[in-house]
Amino acid sequence: MLLNQFLILAAILFGIGMYGVLVRRNGVLVLMSVELMLNAVNLNLIAFSARLQETSGQVFSLFVITIAAAEVGVGLAIILLLYRNFRSPDLDEVHQMKG
Amino acid sequence: MVAQNVAFGILALAMVLAAIGVVRTQNVVHAALYLVVVLAGAAAQYILLAAEFVAWVQVLIYIGAVVILFLFGIMLTRAPMGDLEGLNNRQGLPAVVATLALIGTLTALLVDAFSDQEIVLDAPTPTADIATQVFKVYVVPFEAVSILLLAALVGAIVLARRD
């Protein structure tokens, strides 16, 4: 197996995740797209860990998974709070700071 | 080697199609289910790369916990269950251009930098090796991450509490 096939798959997944962050309006869907991007990064870490025969990459991907779990928890709490205040999960309606 | 490449191809195709489903579908619950396919595909790729432990952590934490959290988020924000319009904003075309530019740049760079590198696997990584790394070399980051997770949980409860 080539190293590049994993890296390019990760690049494509990262790009799709970025597209989702740019176009989605629902906050929960934006968080899902962020998860796609984090997964792409994890795939990179594991691929390099296999290429270099080095377990540090796997340890770092475990850290990324943990931080992703924390991020989803806080992110969903924030979206819940937005929903309670604006009666909609639509991120485009949160523009009070706009000048 | 051929079998591994075929498995990679099938998984990669499924992952990319499901990822496009996550960002394109007009049904919020379907997006969460497509996300399950992408995450399971990633776990299968980890097994292909002989990283068993990370693969099972991925299944337990992502598919087991994070997706359930997403479904709770969908339920609590009372997203309509059927198809609905207006899940995407009007930046579709510029976003496609930016995405293709990003993927193109990254692919060109990767082909330039790593095209001669090959992955040669002999045996799956023993979980004991990862445990040694976590508790010997990376013990301080590990503790920092546990404090971070605790702080995030407390923060989430404080934010979401009604009072």
Side-chain angles (χ1 to χ4, degrees), chain A residues 1-9 11-20 22-29 31-33 35-36 39 42-43 46-47 49-51 55-56 58-63 65-74 76-81 83-84 88-90 92, chain B residues 4-5 8 12 15-16 19-20 22-23 28 31 35 38-39 42 45-46 49-51 54 57-58 61 65-66 69-70 73-74 76-77 79 87-89 91-92 95 98-99 102-103 106-107 110-111 114-115 117-119 121 125 129-130 133-134 138 141 145 148-149 152-153 155-156 159-160:
Chain A
M1 289 181 291
L2 294 171
L3 175 61
N4 248 345
Q5 62 196 55
F6 292 96
L7 300 186
I8 290 173
L9 172 65
I12 293 171
L13 287 178
F14 192 90
I16 295 172
M18 191 191 75
Y19 172 82
L22 289 176
V23 300
R24 286 302 202 186
R25 291 167 67 191
N26 186 314
V28 180
L29 290 172
L31 273 183
M32 283 185 201
S33 308
E35 289 306 309
L36 280 182
N39 248 282
N42 263 344
L43 195 56
I46 302 281
S49 136
R51 168 71 186 84
T55 41
S56 310
Q58 300 187 21
V59 176
F60 274 97
S61 76
L62 291 176
F63 287 153
I65 290 175
T66 318
I67 289 174
E71 175 249 325
V72 171
V74 176
L76 281 176
I78 291 172
I79 288 165
L80 224 59
L81 209 61
Y83 176 76
R84 217 174 280 153
S88 128
D90 191 340
D92 289 355
Chain B
Q4 286 174 354
N5 280 326
F8 171 85
M15 283 171 80
V16 170
I20 292 173
V22 174
V23 296
V28 189
L35 189 67
V38 180
L39 299 174
Q45 299 279 19
Y46 299 161
L49 286 167
V54 186
V57 168
Q58 165 101 356
I61 295 187
V66 170
L69 217 54
F70 275 128
I74 292 168
L76 290 173
T77 55
L87 274 183
N88 290 359
N89 59 25
Q91 297 161 5
T99 304
L102 175 76
I103 294 177
L106 282 177
T107 308
L110 290 172
V111 168
F114 298 114
S115 53
Q117 307 255 1
E118 211 161 320
I119 297 177
L121 295 168
T125 318
D129 283 7
I130 297 174
Q133 287 268 321
V134 169
Y138 296 108
V145 160
L148 176 82
L149 199 57
L153 290 178
L159 279 176

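Sequence lines set the chain letters: A, B, ... in the order given, protein chains first and strands last, and positions in each chain run from 1. All figures in this text were calculated on a predicted structure; none of them were measured in a lab.
Every residue meeting the side-chain contact (heavy atoms from CB on, under 4.5 Å) condition with Val16(B), not counting sequence neighbours, appears here in chain and number order: Leu9(A), Ile12(A), Ile16(A), Ile20(B). Considering only residues two or more places apart in sequence or on other chains, Glu118(B) meets the side-chain hydrogen bond (donor to acceptor under 3.5 Å, both in side chains) condition with none of them.
Residues Gly20(A) and Val23(B) come closest through the heavy atom pair CA-CG1, 3.4 Å. The two residues Gln133(B) and Val59(A) make their nearest non-hydrogen contact at CB-CG2, 3.6 Å. Across Ala95(B) and Tyr19(A), no two heavy atoms sit closer than the pair CB-CD1, 3.7 Å. Taking each heavy atom of Ala69(A) and Ile61(B) in turn, the nearest pair found is CB-CG2, 4.3 Å. When all heavy atoms of Ala156(B) and Ala77(A) are compared, the closest pair comes out as O-CB, 3.6 Å. Smallest separation of non-hydrogen atoms from Thr99(B) and Gly15(A): CG2-O, 3.2 Å.
Looking at Thr125(B), only its side chain comes within 4.5 Å of chain A, counting heavy atoms on both sides. For a residue to count as touching a neighbouring chain, one of its non-hydrogen atoms must lie under 4.5 Å from one of that chain's; by this rule Phe6(A) touches chain B with backbone and side chain alike. Both the backbone and the side chain of Leu69(B) come within less than 4.5 Å of a heavy atom in chain A. Interface remark: Leu29(A) contributes side-chain atoms only to the contact with chain B (heavy atom separation under 4.5 Å). Heavy atoms of Ser49(A) lying under 4.5 Å from chain B are absent altogether. With a 4.5 angstrom heavy-atom cutoff, Ser61(A) touches chain B only via side-chain atoms. Neither the backbone nor the side chain of Ala65(B) comes within less than 4.5 Å of any heavy atom of chain A. Proximity to chain B (any heavy atom under 4.5 Å) is restricted, for Leu62(A), to the side chain, taken from C-beta onward. In this structure, chain B has a heavy atom under 4.5 Å from the side chain of Leu13(A), while its backbone stays farther away. Residue contact with chain A, scored on non-hydrogen atoms closer than 4.5 Å, involves the backbone and the side chain of Phe70(B) alike. Residue contact with chain A, scored on non-hydrogen atoms closer than 4.5 Å, involves the backbone and the side chain of Leu49(B) alike.
With contacts defined as side-chain heavy-atom distances shorter than 4.5 Å, the pair Phe14(A)/Leu102(B) qualifies. Ile8(A) is listed as a side-chain neighbour of Val111(B), based on a closest heavy-atom distance under 4.5 Å. Within the 4.5 Å cutoff, the side chain of Tyr138(B) has heavy atoms near those of the Ser56(A) side chain. Side-chain contact between Val22(B) and Glu35(A) is absent, with no heavy-atom pair separated by less than 4.5 Å. In this structure the side chain of Met1(A) reaches within 4.5 angstrom of the side chain of Leu121(B), judged on heavy atoms. Side-chain contact between Met32(A) and Val38(B): absent, with no pair of heavy atoms (C-beta onward) separated by less than 4.5 Å. Side-chain contact between Ile65(A) and Val54(B): present, with at least one pair of heavy atoms (C-beta onward) separated by less than 4.5 Å.
Of the listed residues (Leu22(A), Ile78(A), Leu2(A), Val23(A)), the one with the most heavy-atom contacts under 4.5 Å to chain B is Val23(A). Ranked by non-hydrogen atom pairs under 4.5 Å with chain B, the options Val74(A), Val28(A), Ile46(A) are led by Ile46(A). Between chain A and the residues Ala42(B), Ala50(B), Ala12(B), Gly155(B), the most heavy-atom pairs under 4.5 angstrom are made by Ala12(B).
Asn4(A) contributes a side-chain N or O that, together with a main-chain N or O of Leu110(B), makes up a donor-acceptor pair within less than 3.5 Å.
Inspection of the Gln58(B) and Asn42(A) side chains reveals no N or O donor paired with an N or O acceptor under 3.5 Å.
For the atom pair CG (Asn26(A)) and OG1 (Thr77(B)), the distance works out to 6.0 Å, reported to the nearest 0.5 Å. Rounding to the nearest 0.5 Å gives a distance of 10.0 Å between CG of Leu7(A) and CG of Leu106(B).
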Quiz prompt | Verdict with supporting geometry, Asp129(B) and Gln58(A), side chain to side chain donor-acceptor pair (under 3.5 Å) | solution = CA-CA 10 Å; Asp129(B) 283 7; Gln58(A) 300 187 21; over 6 Å; no

